[in-house]
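Accompanying notes for the structure given below.
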Amino acid sequence: MTEPRWQWAAAGVVAGGSGLATSWLAADALHVRASPVVAVAEWVIRHVPGGLAESAIQHLGHRDKPVLVGVILVVLAIVFAVLGLLGRRRWWPPVLGFLVLAAIGGFAVGAEKAEGSGAQIAVVVGLLTWVGAFGIVTEPLRMEPAGDRRAVLRLGLVAAAGVIVAVVAPYAGRGRRAVEAAREALRLTEVTPPVVPAGADLGLAQPWLTPAGSFYRVDTTISPPSVDPDGWRLRIHGMVDKPLTLTFADLLARQRTEAWITLNCVSNPVGGDLIGNAWWSGVLVRSLLAEAGVREGADAVLQTSADGWTCGTPLTALTDERNALLAVAMNGKALPIDHGFPVRTIVPGLYGYVSACKWVVDLEVTTMDKAVGYWIPLGWAAQGPVKLASRIDRPGSGDVVPAGDYTLAGVAWQQETGIAKVEVSVDGGPWVECDLGTAPDTETWVQWKAVVSLKSGHHSAQVRAVNRAGEVQTAVRTSEAPDGATGWHRVDFEAS
Ligand SMILES: Nc1nc2c(c(=O)[nH]1)N[C@H]1C(S)=C(S)[C@@H](COP(=O)(O)O)O[C@H]1N2
Ligand SMILES: [Mo]
């Protein structure tokens, strides 16, 4: 008799995969945002220590989430295979293993804020599927003599069933697709399409208006919350005279404002691309706060999103003259789900991690010491005003450009303060003043360009900006944590 070892391993993987599929289906059907695997991945993201692994936070916490989920799935597949093999001699090790995995999943979904009992039900559904499916696919293997053919057939059938469940899962419940449909159907009045101000876009490098599709995305969630605008509520409470609860219709009924605002991330490295500029439409936060009546002594607002993310914003940034918005539209269209649909906050002059709450559902007026947002315990500063910065987009590092007259170009920004001047220096030579594009006000980035003469060979260029307060951008290189990188951006290139 051939020892069907691989079949036991395959049985573990097929049963395990089927359990993941049914738990995912159950999570979707029960309107749970974070299925167990997602919850485990998000738990990992939340527990990467700040000071210890800044770059890991930046990568895991900010960008490479599909990689993280992929790693978890690969680890799970290996564990499933081992559990299957262990089932060859005794029935209980795989069952115990599945129980332990379910406990981990149950713990992770329990640690999710804003997630109800549906998430735990999804874990139990997965566990029952694991044990049941493992029993079904290994039954022929346990028989004397081992029924090879029947075993392979059962493996195939259960695997196919698992795949079908996984394919159907996203259609269950009011998941992302349903909300995407609601978003498409939404007709927002008083939202005008973006018209780039004359002279703002110099047409040399990145567009002045960042299209929603190429706008950077930074958040801690793996599966963005699917918030139905009909069910959305915004609570404004805490140190106010009159707490408010607004529906989406209530919000849209308020006086509306539209503005160009550049948003950037505190973890953007020098020369990095975690920055974008868009035309936002919404309601001024200050008018809603005035309606609620902010009490004496308050100096902060703790914002909370539908997925339990938080940030603390200084009250002054929300109540002074700037366009701090509860935005419903980006570049003339309803917010994309990934950028906060149906409503997000945008505060010019502050990094996103202390201000730009996506899927916002709660504004608690409070004091700065109590408004401790998500990133603060992980080593980021409580206050996050945008630092003066500039970037060279043309040429890119490593580019080969024609020798002779060449136009360098890029952007500079310090929202709320504004840019007065940008200078470039080629090969460490004198600073040359650049031409600036126009800007509607101080809330956006500014494009710059400068014509330089290049001999063939290697070159470098550096850029620095001067703000409207007369400060020159510092050359001192600091890291992104705790409150934003500084230093001049430099590119190395060749002319021929
Ligand atoms: N709900 C939620 N809002 C959030 C975040 C998040 O993780 N969750 N990240 C913040 C950070 S760090 C930044 S820089 C901006 C990025 O907004 P974007 O993804 O629309 O570019 O969103 C902010 N709002
Ligand atoms: Mo950020």
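Whatever order the structure lists them in is the order used to number ligands and atoms, beginning at 1. What's counted below: heavy atoms across the whole structure, side chains too, no hydrogens, waters or symmetry copies.
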Ligand 1 and [X], any nitrogen or oxygen pair closer than 3.5 angstrom?
{"X": "Ser305", "answer": "yes"}
{"X": "Lys358", "answer": "yes"}
{"X": "Val218", "answer": "yes"}
{"X": "His339", "answer": "yes"}
{"X": "Leu263", "answer": "no"}

May I ask you to decide whether [X] forms a salt bridge with [Y], counting only side-chain N to carboxylate O separations under 4.0 Å?
{"X": "Arg177", "Y": "Glu180", "value": "no"}
{"X": "Asp338", "Y": "Lys358", "value": "no"}
{"X": "Arg256", "Y": "Glu258", "value": "no"}
{"X": "Arg235", "Y": "Glu364", "value": "no"}
{"X": "Lys387", "Y": "Glu471", "value": "no"}

Using a 4.0 Å heavy-atom cut-off, say whether [X] meets ligand 1 through its side chain, its backbone, both or neither.
{"X": "Tyr351", "answer": "neither"}
{"X": "Cys265", "answer": "both"}
{"X": "Tyr374", "answer": "neither"}
{"X": "Thr221", "answer": "neither"}
{"X": "Asp307", "answer": "side chain"}
{"X": "Tyr353", "answer": "both"}

### Query
Counting heavy atoms only, which of Thr220, Thr210, Thr345 comes nearest to atom 7 (O) of ligand 1?
Thr220

### Message
Nearest non-hydrogen contact with atom 11 (C) of ligand 1 belongs to which option: Ser267, Gly308, Gly352, Ala306?
### Response
Gly352

### Query
Does the side chain of Phe80 come within less than 4.5 Å of Leu101's, by heavy atoms?
yes

### Task
Evaluate the side-chain proximity of Gln415 to Ile261: yes if any heavy-atom separation is below 4.5 Å, no if none is.
no

### Task
Under 4.0 Å from a heavy atom of Phe215: give me the atoms of ligand 1 that qualify, with their elements.
21 (O)

### Message
Tell me whether Arg344 forms a cation-pi arrangement with Trp359, defined as NZ or CZ under 6.0 Å from the six-membered ring centre and within 45 degrees of its axis.
### Response
no

### Task
Mind telling me whether Trp260 and Trp279 have parallel, tilted or perpendicular rings, with 30° and 60° as the class edges?
tilted

